[in-house]
**Student:** 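First the structure, which I've put down as structure tokens, then a few questions once you've had a look.
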Amino acid sequence: MCLAIPGKIKSIETKYDGLVRMAKVSFGGITKEASLEMLPDADVDDYVLVHVGVAISKVNEEEAQKTFKYLEEIGELGELEDVDEYLPKSE
């Protein structure tokens, strides 16, 4: 089974003489680098699903929030520090 986690793109840079687009992606306070080679139209503030360091698809904010809510419910947000902006807003 593969697991892809949603994160929000905070910045984008090119590497290797401009050949590879890489993003800094925030996952509830933890920032990791992810390749954007599969998503050439991804931009800053987009939510993307990341699997083993590669952004594999874009998702909307609502879908990202739902996924974080499910992860919270099953206790899998352990090391994430600041997930409030990713969880659905309480009414």
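Keep in mind the model is a prediction, meaning the values are calculated, not measured. Scope of the values below: all heavy atoms of this structure, side chains included, with no hydrogens, waters or symmetry mates.
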**Student:** May I ask you to test the K15-E33 pair for a side-chain heavy-atom distance under 4.5 Å?
**Tutor:**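 Heavy-atom side-chain distance check passes, below 4.5 Å.
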**Student:** Side-chain heavy atoms under 4.5 angstrom apart, residues restricted to Ile, Leu, Val, Met, Phe, Trp, Tyr: same cluster for M22 and L49?
**Tutor:**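 Shared cluster, no.
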**Student:** Take V44 and I12 through the test side chain to side chain contact (heavy atoms under 4.5 Å, CB included) and record every step on the way to the result.
**Tutor:** CA-CA 7 Å; V44 173; I12 298 173; 4.2 Å; yes
**Student:** Measuring from atom CG of L36 to atom OG1 of T14, what distance do you get when rounded to the nearest 0.5 angstrom?
**Tutor:**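 It is 11.0 Å, given to the nearest 0.5 Å.
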**Student:** Check step by step if salt bridge (Lys or Arg N to Asp or Glu O under 4.0 Å) holds for K58 and D41.
**Tutor:** CA-CA 9 Å; K58 288 173 47 173; D41 64 330; 3.6 Å; yes
**Student:** State plainly whether the residues R21 and E37 are in salt-bridge range, i.e. N to O under 4.0 Å.
**Tutor:**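 Judged by the 4.0 Å cut-off on N to carboxylate O distance, R21 and E37 do not form a salt bridge.
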**Student:** So E63 and Q65, side chain to side chain contact (heavy atoms under 4.5 Å, CB included) or not? Walk me through it.
**Tutor:** CA-CA 5 Å; E63 191 63 33; Q65 289 175 347; over 6 Å; no
**Student:** Pick one: which of D45, D43, V48 meets side-chain contact (heavy atoms from CB on, under 4.5 Å) with I9?
**Tutor:**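 So, applying the side-chain contact (heavy atoms from CB on, under 4.5 Å) to I9 and each of D45, D43, V48, only V48 qualifies.
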**Student:** If you take all heavy atoms of F27 and P6, which pair is closest and at what distance?
**Tutor:**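 Taking every non-hydrogen atom into account, CD2-O, 3.3 Å.
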**Student:** For A4 and I56, work out which heavy atoms get closest and say how close.
**Tutor:**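 Closest approach of A4 to I56: CB-CD1, 3.9 Å.
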**Student:** Atom CD of E62 and atom OG1 of T67: how far apart are they, to the nearest 0.5 Å?
**Tutor:**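 The CD atom of E62 sits 10.5 Å away from the OG1 atom of T67.
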**Student:** Is there a path of hydrophobic side-chain contacts, each under 4.5 Å between heavy atoms of I, L, V, M, F, W or Y residues, that connects L39 with V20?
**Tutor:**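 Each belongs to a different hydrophobic cluster.
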**Student:** For the pair K32 and K24, evaluate side chain to side chain contact (heavy atoms under 4.5 Å, CB included) and give the outcome as yes or no after the intermediate values.
**Tutor:** CA-CA 6 Å; K32 299 283 187 178; K24 298 285 184 189; over 6 Å; no
**Student:** Do K69 and E73 touch side chain to side chain, with heavy atoms closer than 4.5 Å?
**Tutor:**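 Yes, side chains in contact.
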